[in-house]
Every structure is written in C-alpha cells, then in structure tokens.
Number of protein chains: 4
Amino acid sequence: MTRSGKPSAKRVLIMDAAVKAFAQNGYHQTRIADVAREAGVAAGTIYLYFSSKDDLLISIFQEKVQGFITDFRNRLSREENAEVKLKKLVHLHLFQMQQHPDLAAVFQLELRQSRHFMSAYPKVDLKSYFGLIGEIIEHGQEQGLLRKDLYLSAVKKALFGAIDETVTSWLLSGRTYDLTHMAGPLADLFIRGLREDSLRTKMEDMSGV
Amino acid sequence: MTRSGKPSAKRVLIMDAAVKAFAQNGYHQTRIADVAREAGVAAGTIYLYFSSKDDLLISIFQEKVQGFITDFRNRLSREENAEVKLKKLVHLHLFQMQQHPDLAAVFQLELRQSRHFMSAYPKVDLKSYFGLIGEIIEHGQEQGLLRKDLYLSAVKKALFGAIDETVTSWLLSGRTYDLTHMAGPLADLFIRGLREDSLRTKMEDMSGV
Amino acid sequence: MTRSGKPSAKRVLIMDAAVKAFAQNGYHQTRIADVAREAGVAAGTIYLYFSSKDDLLISIFQEKVQGFITDFRNRLSREENAEVKLKKLVHLHLFQMQQHPDLAAVFQLELRQSRHFMSAYPKVDLKSYFGLIGEIIEHGQEQGLLRKDLYLSAVKKALFGAIDETVTSWLLSGRTYDLTHMAGPLADLFIRGLREDSLRTKMEDMSGV
Amino acid sequence: MTRSGKPSAKRVLIMDAAVKAFAQNGYHQTRIADVAREAGVAAGTIYLYFSSKDDLLISIFQEKVQGFITDFRNRLSREENAEVKLKKLVHLHLFQMQQHPDLAAVFQLELRQSRHFMSAYPKVDLKSYFGLIGEIIEHGQEQGLLRKDLYLSAVKKALFGAIDETVTSWLLSGRTYDLTHMAGPLADLFIRGLREDSLRTKMEDMSGV
DNA sequence: CATGAATGAGCGTTCATTCAT
DNA sequence: CATGAATGAACGCTCATTCAT
C-alpha cells in the first residue's frame, strides 16, 4: 500500500525532507529520525508512507526521475528537429539539476549504490531515460540528420554518462559555477560526433534554447 | 606506517580480499569479518594495515587507481598521434575494467559515495586522470588534429563520464557482453566530435589497438 | 533530557539495576547487557536515559550522593550541638551504607577511579559533603566546643577518609559485622581529637543516637 | 614462575614504566603496548615477567607496598615513644607519596578496584600495614600514653583512611601544595583523640620529624 | 492517522595474549 | 631471553523498525 502512487501531501513532505537530509549527509549517514525531524513528523509516521528506509530512497528516485522524464518528454514533443531536441534535452537536464541541487546530490551521489541493489527493482532504473535518448537519436537518423552507422546502445550510455558526470563534477566542485553553461559545449560535442558527414557545417549557437 | 606505500604482501592480500568482498555485496553490506575470512586472516589483522574500514576502501581506490593511471600513461607515451592515443585510452580503460571486474564493481558502484566524503582526501580524487585526458586533447590541438575552440573542462568530463557509464552499464547488465567492443564506437563518437572540421574523413578502423 | 533530573520511573529502574550489577561484578566487568537484563529492559533502552555507560555510573553517583547529602543535612538541622551533630553524621553515614550495601559497594570501590575522570565534572565531586563536615566543625568552634586552632581542610579529609575506610573495610570483610557499631568509637576518636582542651571530660555514651 | 621475587633489573624496569603509565592514564586506559613503549621493550617481553596485566598491577602494589612497609618499620624501630612513632609514620607515609607521585596515583586511584578483585589474593592486601599501625598503638597503650579503652580495629581503619584520603585529595588537587604539611595536623588530631586523658597537655610541635 | 518509547540485532574496533622466529 | 605480528573474543553503541496508545 505504501507503494501506491497516491500523491499524499504528507508523503511528498517526507520525500522532500528526505532529499534535503540525504543531500546534506548522504543516505547512510542520515537517520530516519533526521528525516522525521526535517519533515516535522514522528519517526513512526514515515513507515505509514514508506515500507523502509530503502523504499524511501527508491521512491524518491522513482517518482522524481519519473517526473523529470515525463516533463522532458512533454517539453521536447513540441520540437521537431532532432538536433535541437538533443540540445534541449542536455540543457533541460542540467537546468533541472541546477534548480534542484539537493535532488541532484541524491541522484548523483547515492544513485550508483542504489542502482546496485536496485537491480532487484526493475522499474527503478534509468531505462526509460535511456529510451528517451534513443528515440531522439533514432528520430534524427530518420530525419537524415544523424549517421545511420551508430552503435545506438553505446551512444545512449555515452551521452547519459557525459551529462551525468558533468552534474557530478559540478556538485563536487561545491556548485561554484553555472551548470547550464556546460550545456552548449556538451551538446555540441555530441551532435558533431553523431552528425551525418555530408551535413558538416559550423555549429549554430545555442542561444534561444 | 599504515598509510605508507609499503608493498606489504599481507596488505595487498587484504586489499584484494576486500575488493572481492565489496564487489560481491557492496561496501556497506560487507562486514570486516567477511573481508578477514576472504583474506584468511583474523579481523584484527586488518587493523594492522588499515586504520578503519573507510581507510581500506580509500586505500584500494587510491593505490589501484594510481596504478592504472601510471600504467595508462606509460603505455600511451609510446604513441604519437593524439587520436590514436584517445582510442587507446578508451580501449585500455575498458580492457582493464573487464580484466578486473571486481575492482571495476568497487570503482563504479562505491566510488561516487567515496568521492563524496573523499573531498577531504585531495590526493584520492580523479584529478590526475582528468589531467591525462586533458593532455591528450591538448596534444591533439597542437598537432592540428582537434579543434581549438573546445571547452576543455567540459570535454574531459564528458569523455570520462561516457567511459564510466559504459563500464557501469556493463556491470549492471551482469557482464553479459564483451566490454572492449564498446571502445571503438565510443572513441569514434568522441573523435568525430572533437575533430578539426577540415580533416573530416571516414573514420578508420580500430583494428590494431 | 538525558541528564535532566526528571524522576522518570524507568530511569530510576535502570539506575537501581546498574547499582546491583556494578556492586556484584565491578563497573568494568559489567556489561551493558547485564544491566539491561537486571532492569528488564532492552540494552538500547538504557541509551534513551543515559548517554553512555560512564554517564550511567556518574549519574548514579551524582544523584544518589546528592540525595544522601540532602537527607543528612535535613536530619542534622534539627540538632543544635555540634558534637552531637558529628556523632549523628558518622552514624547516619554508616547506617545508610549498611542499608544500601550495593550502593555502598559502588561508591567505595568504583568511586576513586570515578573521582579521577570526574575531575571534569565539577558538580559530581564530594565538595558539598566536605562542606557539610566543615560547617559542623565550624559550628562547634563557634559554640566553643571545638578547638580554634584546627587545620580545617586537614580535619575534613581525615574525618571523611576515616569513615570511608571504615565502610570499605566492612565491605571487603564480606559485611560480616554490624557497621553502625563502628560509629561510636569513630566519632569518639574525632571528637576527642577536636575538643577544646578545657572541656575534657569522659566521653558520654553514643546511646540514643 | 613470574611471581618469583627475583629482583630482575628488567622486571623492575617494566614495573616502573607501568607505574608511570598507569598514573598518567589509569589502569584500564593503559594498554600493555603503552607500558612496553615506556619501558623500551617489546610487548611480549612483559609476559616473560608477569603473567597478565592484572598480575603486573598486583605485583606493583605487592612489592612496592611491601617495600614501604619494611622501610617504615625499619625507620620507626629506632624510635621508642609511641606518639612520636605515630607522628613519624604519618609523616613518612605522606613524604613517600610526595616523593613518588606516580606510585601514589596508582595506589590511591587504582587500589580500591584492585582491593575488590584482590580479595582473591590474600597476601596482597593492606593487613600488614594495618598491623604496623596496630603495633604502634598497642605499644603506646603499654607505655601508658594512649587510652586502654580503644576499639583498636576501628582506630586502625580510621587512621589509615585519614592518611589515605589526605593523599587522594592532594593528588586530585593536582598536587598544588606540600603534602607533608598535612602530617602535623593529621597526627595531632589522632594523638589527641587517642591520648590518655590524664596526660592532656599542649601538643608539642612536629619540628624535627 | 500519528506518535515516540522501546526494541535488539548487528558490527566496527580494541587490545590482552600468544608463539614462531 | 626477546621480539612484534597475528589473533579473536569481547562489547559499547546505533538506529531501523515496531506497536501500544
């Protein structure tokens, strides 16, 4: 029952408190009591909404990531050109992480370990995000913008990893610079790497994205 | 003495046992007693060589990564062409991870958290690996092979992240495919993305690497 | 909260169990689990009321000694004559220790070490007991019963030490005799030692105290 | 075999190092390794001379106290007058403790606990010191200097306890005053308390002791 | 629904002691 | 005799989880 998708206000309250607490001290260093204090509820209350501490972390990942992916998909659907989509995706990703640095910290720094034990939670992984990237690239291939001879699964991982590491580095730097500034160069690098040779031209500016 | 680089046989024995144990169950799930059993020593013995469980993890990272980076540098030093260097670096990275999957698991899945608290251990981070990547790219620019208008720090992170994610995905897949097969497409993607426009040609094969 | 003087029933329950356990086997030989078993609570519960095993010992000393001193003060306040006060104090001290042999054992046998590290806990020491002794003697001096040329701080220590050793010897003997029987001779010895020369008379009996 | 009284130089070396170490940090807080370092020997060597850490502590107590008592006995044997003997005993006790503050710390602060578990070691206790005190007092009674109606066992404990507490207080004060200054007042108090009524006179000075 | 006192399994670490050299 | 690396039993403390109110 705790895993039902009910958007209970208190459930969200607890998740947000958990994000803040996890971001500050890391998942393992954070006690349920810390989350409870941060949320202004009793420790026991958390177990009315989540079956375990692990479930809390996984739920955060699941629901928040789901939200981002859905949001990204919606925003990108307006756009027709695959290259522009790619640019926008990179930009959106970095922008959202910059807007939600606590969430970013949880994703970037706690995710790996989570991915480990989340092997058991198939729905939790990043497959649908990889799927989104794949769709865009395939779209670009259909549009004749991107090369056909791509090892798609390699490209998807490469792009995700590049964005991911960009965010991680930014976090570990203490967030001392504007993360979205990395979007242009990053997208540029990949688009050049993927572009159909016959279409080689100067990269246009990212302005307006 | 504990932190000194002394190549004590028993110290190495313990580190290897720890890598195996951490890889299997994750750092937090692994008890010191597990490492001891795996190493065939008493639990107390571990504390003759490492000051804490954390120190053990950090030492693994520090010393093993250091070894890889030194090894990579040596092997690449023979090569003159920056593009070939890049290809070889990607290939070496994936090859070594495939050769040492337990070590890879520890690096990929426990590293992030480690990076988190390792902020306090300046020597422990990946700076020198980023440095190696940067040197290769700058070399390529000097050779006129790679574009001059690169945002170097973005490129370094992107390349590292791409390789890193490639390894992680392979691990989480259960190591069901040959990781080195990803080297070619991955290197190709980046070299195309970085290459001087005037030099655009078909990518040559990775054969011989 | 832990250190607050709240008369929590469970807190007292734990302290009493600890006294019993410490008395039986000594502080260091007693495990928290022993105290918990004796108290009929879980080990973790102890840490809801005391911050550490040391805190438990110190709290026993602090609160129980405080209780005794307050009690002694009250009982002695009714008495006017300083010599009688002194007799009563010695008797009360021995009587209470005989009534609470477990507590006595903890005080006598664990106290010294405690005094050692309790240097850091100013409120914990015996100052107020020494103070009580001092007040009685000064009172006797004002009454003209006791000599004026006393080295007060030496006398206080001597009296306390004499009573203290009397209790310790009794404990180490296995409590094979009536401790209060020592009160008369002990008080007699000190009163004779302190008495104004001009008042020398036969010591009256301790009967009635 | 380790308990043989052989005055091995290394045995003494270790005991002295142990006294220093125990005095500094307390018996329980001191590791065998600390004693070994202080003594300049290997940890294992200690076990060639003492069967256990406890044996080391007990041996210190046993042999050092024995030495003091023998020494006291010798020095007092020259003296005929029991009152003077008593004065000298108090002075000697305080003087020796002041001369050997580390030893004093071990005796005063670790002794009680030791006395506890030393019930099992009958030869270790203070009986012979109590015996010495008793002999002096009985001598005084025979000389007609001290009252006959004394509860001897009470008096012995009282005197020992008074001296003992005087030393303990001095130690806990941080040894900020001259301990031997307490000898006069302390002896005076007891001699007055013990003296035959018919002999009441002004106490002579302690000068010359 | 909410609470928070109580639980108790779990583990990192210490250190007295041993023994092969 | 001396060493000191190795041992492994022992334990204080934490904290996720439960449940009576």
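By convention in this document, chain letters (A, B, ...) are assigned in the order of the sequence lines, proteins followed by strands, and residues within each chain are numbered from 1.
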- Side chain of Leu48(C) - closest among dA2(E), dA5(E), dA16(F): dA5(E)
- Check the distance between dA2(F)'s P and Phe50(D)'s CZ and give it to me in whole angstrom. 12 Å
- Counting side-chain heavy atoms from C-beta on, which of dT3(F), dC15(E), dT7(E) comes nearest to Val41(C)? dT7(E)
- Rounded to the nearest angstrom, tell me the gap between atom CD1 in Ile14(B) and atom C1' in dG12(E). 15 Å
- Message: In this structure, how many angstroms lie between the C1' atom of dG8(E) and the CG atom of Asp34(C), rounded?
- Response: 16 Å
- Message: Without decimals, in angstroms, what is the distance between Tyr47(D) OH and dC1(F) P?
- Response: 19 Å
- Under 4.0 Å: is that the gap between some side-chain N or O of Tyr49(A) and OP1 or OP2 of dA2(E)? yes
- 5' priority, DNA chain F, between Ala33(C) and Ile46(B) [closest heavy atom]: Ile46(B)
- Would you kindly compare Ser52(D) and Thr30(B) by the position of their nearest DNA chain E nucleotide and give the one closer to the 5′ end? Thr30(B)
- Query: Between Ser59(C) and Asp55(C), is there a donor-acceptor pair closer than 3.5 Å when you use the side chain of the first and the backbone of the second?
  - Reply: yes
- Side chain of Lys53(D) - closest among dT17(E), dT7(E), dA16(F): dT17(E)
- Task: For the residue pair Tyr27(D) and Asp54(D), confirm or rule out a side-chain donor-acceptor distance under 3.5 Å.
- Result: yes
- Task: In whole angstrom, give the distance that lies between atom CZ of Arg11(A) and atom C1' of dA2(E).
- Result: 17 Å
- Among Val41(C), Leu56(C), Ile14(C), whose side chain to side chain contact (heavy atoms under 4.5 Å, CB included) with Tyr49(C) holds? Ile14(C)
- Task: Determine the contact category for Ile32(B): base if any of its heavy atoms lies under 4.0 Å from a base atom, sugar-phosphate if only primed atoms, P, OP1 or OP2 are that close, otherwise nothing.
- Result: base
- Between Arg31(C) and Ala43(D), name the one whose nearest nucleotide on DNA chain F is closer to the 5' end. Ala43(D)
- Watson-Crick or G-U counterpart of dG4(E), or none if no pair lies under 3.5 Å: dC19(F)
- Message: If I take atom CZ in residue Arg37(D) and atom P in nucleotide dT3(F), what distance separates them, rounded to the nearest angstrom?
- Response: 14 Å
- Item | Donor-acceptor pair, side chain of Thr30(A) and main chain of Ala21(A), under 3.5 angstrom | yes
- Query: For the pair made of NE2 in His28(B) and P in dG10(E), what is the distance, rounded to whole Å?
  - Reply: 17 Å
- Query: Can a salt bridge be assigned to the pair Lys20(D) and Asp34(D) using a cut-off of 4.0 Å between side-chain N and carboxylate O?
  - Reply: no
- Counting only side-chain N and O atoms of Lys10(D), is one of them less than 4.0 Å from OP1 or OP2 of dA2(F)? yes
- Message: Can you measure Leu13(A) atom CG to dC1(E) atom P for me and round it to whole angstrom units?
- Response: 14 Å
